[in-house]
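Order of listing sets the numbers, starting from 1, for every ligand and every atom in it.
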Amino acid sequence: MKRIKKEIPGLPVHIALFMDGNGRWARRRGLPRSAGHRAGATAIRKLVEDCDKIGLKYLTAYAFSTENWKRPDKEVENLMNLIREFLDDTGRELEKSNVRIRIIGLRNRLARDIIERIEETEKKTAGRTGLTFVIALDYGSRSEITEAARKIAAKCANGEMAPDEINEKLVSDNLFTAGIPEPDLIIRSSGEKRMSNFLLWQASYAELWFSDVLWPDFRIRHLLRAVEDYNKRNRRFGGVRG
Ligand code: IPE
Ligand code: IPE
Ligand code: MG
């Protein structure tokens, strides 16, 4: 397939994806799970580049959930090393690109050097105007909403605001995704059909697309197939058609 270079009309503003199926991809090849994760990391690099080329504004990728700490230590370490590599490379090969990087999720359980890499990458890319690539790392909607509730409760307790001033916008503004538009389209690879604690608040009116493709094989053409279907849908947001 030819590399896509042109902007594509009819794109949603924000696409969020689950990078799921690395383990199964590796198992089918008789390889260790780590090989699947490495191939998955290569797949997201390509996709980020292509999404920027076609003119997408926001892409969020679920890289590591708050529940993924349950995996064997070796696998967690392997995933964290891939994150390190990715963040380092954005300082090099993505140096000339116009992609802005943001990382959403809890920070307190990540290694000190990863937090430093995150801060550096976010700072370095903050002024960019192309695709915003949001990486969900140690991310879970429940902890995100809990954290927001805690922040708002603290403001009420110290008299900065009253409980009846709490509204949906305030809740949104206290989530990790503050300032990022809600996802229009959510894609999950690998045939699984569940939300696994991903963007539960933000996905209230998102369109969903499930692909059987295992993450390491997922390419821009698969994403564009989802976009094609998305464009045929009638988003009603609780109203009436038209
Ligand atoms: C996605 O692939 C990577 C992460 C969740 C970090 P999996 O590792 O979940 O792959 P499967 O679902 O076992 O195939
Ligand atoms: C969700 O995938 C998290 C990521 C894709 C990073 P999982 O593979 O962890 O989800 P479950 O356990 O199948 O629900
Ligand atoms: Mg999985």
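- Ring to ring, F64 and W69 are close: their centroids are under 6.0 angstrom apart.
- With 2.8 Å as the limit, D20 counts as an N, O or S neighbour of the Mg ion (ligand 3).
- At a threshold of 4.0 Å, the pair R102-E122 does not count as salt-bridged, since none of the basic side-chain nitrogens sits closer than that to a carboxylate oxygen.
- Remark: of the listed residues T132, D184, T60, T177, T60 is the sole one forming a side chain to side chain donor-acceptor pair (under 3.5 Å) with H14.
- Residue H37 is tested with N81, N22, T42, N78 for a side chain to side chain donor-acceptor pair (under 3.5 Å); the sole match is N22.
- Within the structure, ligand 1 lacks R27 among the residues with a heavy atom less than 4.0 angstrom away.
- Among the atoms of W25, none of the N or O lies under 3.5 angstrom from an N or O of ligand 1.
- With respect to the salt-bridge test (charged N to carboxylate O, under 4.0 angstrom), the residues E116 and R112 qualify.
- Comment: D88 does not engage R84 in a salt bridge, judged by the lack of any side-chain N to carboxylate O separation of less than 4.0 angstrom.
- The side chain to side chain contact (heavy atoms under 4.5 Å, CB included) test with V227 singles out one residue from I15, I8, I220, and that residue is I15.
- A distance limit of 4.0 angstrom between heavy atoms and ligand 2 selects the residues M19, D20, Y62, A63, F64, N68, R71, R188, R194, S196.
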